[in-house]
S.K.: 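Below are the structure tokens for one structure; questions will follow.
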Amino acid sequence: MHFSTRILLLASAFAFTVPALADNATPVKIGVILPMTGPSASTGREIDAAIKLYMAQKGDKAGGRKIEIVLKDDTGVADITKRLAQELVVNDKVSVIAGFGLTPLALAAAPIATQAKVPEVVMAAGTATITEASPYIVRTSFTLPQNTVPIADWALKNGVKKVVTLVSDYGPGIDAEKAFSERIKAGGGQVLDNLRAPLRNPEFAPFLQKAKDLKPDALFLFVPSGFGAQLMKQVAERDFAKEGVKVIGTGDVTDDEQLQGMGDAVLGMVTSMDYSVAHKSPENKAFVEAFMKANPAMRPNFMAVGGYDGMALIYGALEKTKGDTDGAKLVDAMKGMSWVSPRGPISIDPETRDIVQNVYIRKVEKVDGQLYNVEFETMPNVKDPVKAAKKAK
Amino acid sequence: MSDTPLQADRDKAFAFLKAQARWRWPEIALWAFAFASILLMPSRALLINEIAILALFALSLDLILGYAGIVSLGHGAFFGVGAYTAGLLAKAGAGAAPLSDPTLGLLAAGATAAMIGYATSFLVLRGNDLTKLMVTLGIALIFQELANKFSDITGGADGLQGVTPAKVLGLFDFDIYGKTAAFYSVTVLFLLFCAARVIVHSPFGISLRAIKGNALRARAIGVPVDARLRAIYTLAAAYAGVAGALLAQTTAQVSLDVLEFHRSADTLLIVVLGGVGTLYGAVVGAAAFKMMYDFISSYTQQYWQFWLGLILVVLVLFVRGGIMGLIARLTGQEERA
């Protein structure tokens, strides 16, 4: 704190003498709102660690101005997110709000972004429609349909004709179910059943038994980050491989943060996702090494990389505007930006402000005694299919 | 001749009850401060708004817990029903009166919650405390799942967006600084608090305390126990509904979270922290809880729950009667039980 007051004093001293420099001497504040406690705390921890890592690596200056982070815990509750966003904008005078662990949290802050003309960088939430809630929202995580459609394509290519889906019964789960089922049907496949398990205290056994009895070629799974271990334990007990049923899903199920604890039962599971800690690139190698060095007990996951790229986006935009923090100018600068992230080449679609990225098909394998999602196929530059379909209409 | 001592006793009892119902200067000071705080600390208007809403919700729980002895872990159901009612109304009106009028929203939310409160009171009032805990918890879970399932209406897990309340009384627009919101919520809290204060000091309220003390004896002296309990449960549900409506209107959105278990649990904690059966305990407890949260979490975003938990445990263990009990003891106004 005392450090920033000193800078403030310095800034006000400048304000009297050299007005032209005054603006550049004040720090740019970024308000980060994350669930640091509660059921989604792991999301918050991963993103917070990634933001700190980014600033440790690239320094605390962008576009000639000092960057200051104001971190707030919303406990995953939407009305608190909204109040924090409002307070950050009104009291702390932040130039950007960022974070947002879950869809309702990102949506809660959207009216504030619009009203105050402050860019909202979504680093985690994945429902497709989020970016439509405000012209100031830019996303660096992923959309659920974006990650779901590629695994459907892969399944069709690999002789899967009949499928059963099992998802968590809430917005993003239904997003995934719809995206997968529609793609399978469009490719001439057959959807035998769409099963939905409750989000809270899920007991997957009866659903899995039903899925097994239907004898599909593949079983598609989606549960939010953090619920994968529980699901996969029960999947393992049913031994789907023996019946010739392929178990596939989005990478949320085999979340890198939890994967190690799931045991050998997940070996061979094929998923699609925008990031794996095992992604082979020099950028990712450096990222993972630095991340694990700073946080020895943690493996970076897709949330961490979303936060890391969110910072890259904000830094990049500030460089482009030369430190100008006008919201509309920042969002304009963000549109169309492209760079090489630890997950591979990514860019911001100038039309939808959503991320365009490679989606990888991965298989769980054991490397050096540890479980990893090893990538073996790449679907390059995938746009969000929901918004692409809307545009086509 | 024989009724003179009885008459004296009656006068004494009346005088005692009247003295209890009288406004004292610290109360007036508290409310004056509540309103002044919005002007004194405009940057904290949003937090004050949140405190007022939480205080109203806690007040509604204190009405049934502190005055009628009904324990509930599912009070959040009424809060949520109120929030969705007001949210849907404001959305339907698209920001224009009459449908989006905030006052109408409050009334509708209160009425809906009261209806559901009355309907479920028959279930809740059967059985003992443990059964009540389970039944209230169950009812709250049912509403939560309903809100999740009917996502066409409620927006499901994405939350209800596009909640646009009209100007308060047709005069004051909700601003980004939260000033209108804070004044609005504190005013509603104040009005409903005054009503609650009148109610608990009325013969009706006193009969409730008799029931809480000993339901069997209360019945023996002719108090219609079940009817009274149903009445206060319905009233408390309406209060909770209004609190939910305030949240929906001032944050301009409703998420599934309004029906989550932690709201009911937090509120129970606030009432215990503030002091059960004091009305002011709910207000003071809510303010203390939110300010502690705000203060501690600005220093440690990840571990604030630990410190808050520690403080609460210490308070509950060593400060009997909550904050209000502590104040009473410090000012030497402790009532002898």
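Residue numbers start from 1 in every chain, and the chains themselves are labelled A, B, ... in the order their sequence lines are given, proteins ahead of strands. What you see below is based on every heavy atom in this structure, not just the backbone, and it leaves out hydrogens, waters and symmetry mates. Quick caveat, the model's predicted, so the values are computed rather than measured.
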S.K.: Can you tell me which of Gln305(B), Lys149(B), His262(B), Glu145(B) forms the most heavy-atom pairs within a distance under 4.5 Å of chain A?
M.R.: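 Counting heavy-atom pairs under 4.5 Å, the top option is Gln305(B).
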S.K.: Let's test your reading of the structure: which of Val90(A), Ile112(A), Ile130(A) forms the most heavy-atom pairs below 4.5 Å with chain B?
M.R.: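 Heavy-atom pairs under 4.5 Å are most numerous for Val90(A).
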S.K.: So which residue, Leu105(A), Leu107(A), Val89(A), ends up with the most heavy-atom pairs under 4.5 Å with chain B?
M.R.: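 Among the listed options, the one with the most contacts to chain B is Leu107(A).
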S.K.: If you look at every heavy atom in Val167(A) and Glu177(A), which pair is closest and at what distance?
M.R.: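 Scanning both residues completely, I find the closest heavy atoms to be CG2-OE1, 3.7 Å.
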S.K.: Would Thr131(A) and Lys387(A) count as having a side-chain donor-acceptor pair, cut-off 3.5 Å?
M.R.: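 Result is yes, a qualifying pair exists.
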S.K.: Which bit of Tyr303(B) comes within less than 4.5 Å of chain A, counting heavy atoms only: side chain, backbone, both or neither?
M.R.: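 Neither; nothing under 4.5 Å.
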S.K.: Just so I understand: if I count every heavy-atom pair under 4.5 Å between each of Arg45(A), Gln115(A), Arg83(A) and chain B, which residue has the most?
M.R.: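 Highest number of pairs under 4.5 Å: Arg83(A).
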S.K.: Checking Leu160(B) against chain A: side chain, backbone, both or neither under 4.5 Å from a heavy atom?
M.R.: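 Neither the backbone nor the side chain of Leu160(B) comes within 4.5 Å of chain A.
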S.K.: Under 3.5 Å, is there a donor-acceptor pair linking the side chains of Asn49(B) and Ser185(B)?
M.R.: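 Looking only at side-chain atoms, Ser185(B) and Asn49(B) do form a donor-acceptor pair, the distance falling under 3.5 Å.
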S.K.: Sort out for me which of Val258(B), Asn148(B), Thr250(B), Asp257(B) touches chain A most, counting heavy-atom pairs under 4.5 Å.
M.R.: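 Among the listed options, the one with the most contacts to chain A is Asp257(B).
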S.K.: Are Thr127(A) and Asp175(A) close enough that a side-chain donor and a side-chain acceptor fall under 3.5 Å?
M.R.: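 Side chains of Thr127(A) and Asp175(A): no pair found under 3.5 Å.
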S.K.: Which heavy-atom pair separates Ala282(B) from Ile270(B) by the least distance, and what is that distance?
M.R.: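 Looking at all heavy atoms of both residues, the shortest contact is O-CG2, 3.8 Å.
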S.K.: Name the region of Ser297(B), side chain, backbone, both or neither, that has any atom closer than 4.5 Å to a heavy atom of chain A.
M.R.: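 Neither part; nothing is under 4.5 Å.
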S.K.: Side chain, backbone, both or neither: which part of Leu46(B) has an atom under 4.5 Å from a heavy atom of chain A?
M.R.: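 Contact with chain A involves both backbone and side-chain atoms of Leu46(B).
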S.K.: Set out, in order, the CA-CA distance, both residues' side-chain angles and the distance that settles salt bridge (charged side-chain N to carboxylate O under 4.0 Å, His left out) for Arg139(A) and Asp384(A), then state yes or no.
M.R.: CA-CA 11 Å; Arg139(A) 171 155 46 195; Asp384(A) 173 48; 5.6 Å; no
S.K.: What is the minimum heavy-atom distance between Leu269(B) and Leu312(B), and which atoms define it?
M.R.: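 Answer, listing the atom of Leu269(B) first, then Leu312(B): CD2-CD1, 3.2 Å.
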S.K.: Determine the minimum heavy-atom distance between Ala304(A) and Ala50(A), stating which atoms define it.
M.R.: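 Smallest heavy-atom distance, with atoms named: O-CB, 3.1 Å.
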S.K.: Side chain, backbone, both or neither: which part of Ala252(B) has an atom under 4.5 Å from a heavy atom of chain A?
M.R.: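 Both backbone and side chain.
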S.K.: Where on Asp79(A) is there a heavy atom nearer than 4.5 Å to chain B: the side chain, the backbone, both, or neither?
M.R.: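 Looking at Asp79(A), backbone and side chain both touch chain B.
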S.K.: Given heavy-atom pairs under 4.5 angstrom as the criterion, report whether the side chain, backbone, both or neither of Arg196(A) touches chain B.
M.R.: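 No part of Arg196(A) comes within 4.5 Å of chain B.
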